[in-house]
Amino acid sequence: MIRSKKFFLIMLEILGLSSLQNLLDIPIDYYVTVNMAGIQEIVNAVGGVDVVSPLTFTSTGYTFYEGDVTHLDGAAALAFARMRYEDPNGDTGRQARQRLIIEGVVDKVTSASTLVNYQNILGSLSNNVQTNFQMKDYLALQGNDYLAAARNITSEQMGGSGGIGDDGIYYNWLSEDELYRVQSLLQSELELD
């Protein structure tokens, strides 16, 4: 059941659903997880995506120009999403570009032109996307004109300090203040406060 007209697309990269709900202190009714390794297949399945590059860079033979709208096929989207070391924002910049790709996919999936192919698209994405969202949920959103919200996505990223832990794995450590900021923002948007 959708709690309000606000519909949130939340990527669960590492945490499980209940862990993320506990961490952020919010209920999550619907979720979508995206395997970024399958971005090429995902973008090709929806016929490519349009993005505006936040910076000028070249990656694996593709050049992207800051401020230009570029239509990306799967291979170009993968190059756009993977580059990290030349980005002045490092991992944070890469994550922002990955979100641009995902938002482009969401835009394509929620457009009227892909409604006819919705099940075929989801079938082709089955190896790269996991969700508890069903076709009846999609139709309910469309019938209540909630899909327009997919064209008005606001992204928020938890800031922290990154580094390699004693176990050799890269971590992003959050301060309590940063966690509280994001919890408060989400609770306010979900009208839980």
Seminar exercise, completed: Rounding to 0.5 Å, atoms CD (Glu176) and CZ (Arg181) come to a distance of 15.0 Å
Problem set entry | Distance, nearest 0.5 Å, that separates CD of Gln40 from CG of Leu72 | 11.5 Å
Problem set entry | Ser184 side chain to Tyr180 backbone, donor-acceptor under 3.5 Å | yes
For this session: State the CD1-CD distance between Ile102 and Gln95, to the nearest 0.5 angstrom.
Result: 10.5 Å
Problem set entry | Flag, side chain of Glu41 to backbone of Gly74, donor-acceptor distance under 3.5 Å | no
Exercise. Are Tyr62 and Tyr65 grouped together when hydrophobic residues (ILVMFWY) are joined by side-chain heavy atoms under 4.5 angstrom apart?
Worked result: no
For this session: Looking only at non-hydrogen atoms, find the nearest pair between Thr60 and Ala79 and report the distance.
Result: OG1-CB, 3.1 Å
Exercise. Between Thr63 (side chain) and Thr58 (backbone), is there a donor-acceptor pair under 3.5 Å?
Worked result: no
Problem set entry | Same apolar cluster: Leu192 and Leu185, side chain cutoff 4.5 Å | no
For this session: Using modelled atom types only, decide if a donor and an acceptor are shared between the side chain of Asp68 and the backbone of Ser53 within a distance under 3.5 Å.
Result: no
Problem set entry | side-chain contact (heavy atoms from CB on, under 4.5 Å) assessment of Gln187 paired with Asp25 | CA-CA 8 Å; Gln187 289 171 3; Asp25 196 23; 3.1 Å; yes
Exercise. Is a side-chain donor or acceptor of Arg97 paired with a backbone partner of Phe80 at a separation under 3.5 angstrom?
Worked result: yes
Problem set entry | Cluster overlap Val52 with Val49, hydrophobic side-chain contacts below 4.5 Å | no
Exercise. How far does OG1 of Thr70 sit from CG of Leu100, to the nearest 0.5 angstrom?
Worked result: 11.0 Å
Exercise. At what distance, to the nearest 0.5 angstrom, does CG of Leu23 lie from CG of Leu174?
Worked result: 7.0 Å
Problem set entry | Spatial distance of atom CE (Met83) from atom CG (Leu78) [nearest 0.5 Å] | 13.0 Å
Problem set entry | Trace of the side-chain contact (heavy atoms from CB on, under 4.5 Å) decision for Val43 with Asp73 | CA-CA 6 Å; Val43 170; Asp73 65 6; 5.6 Å; no
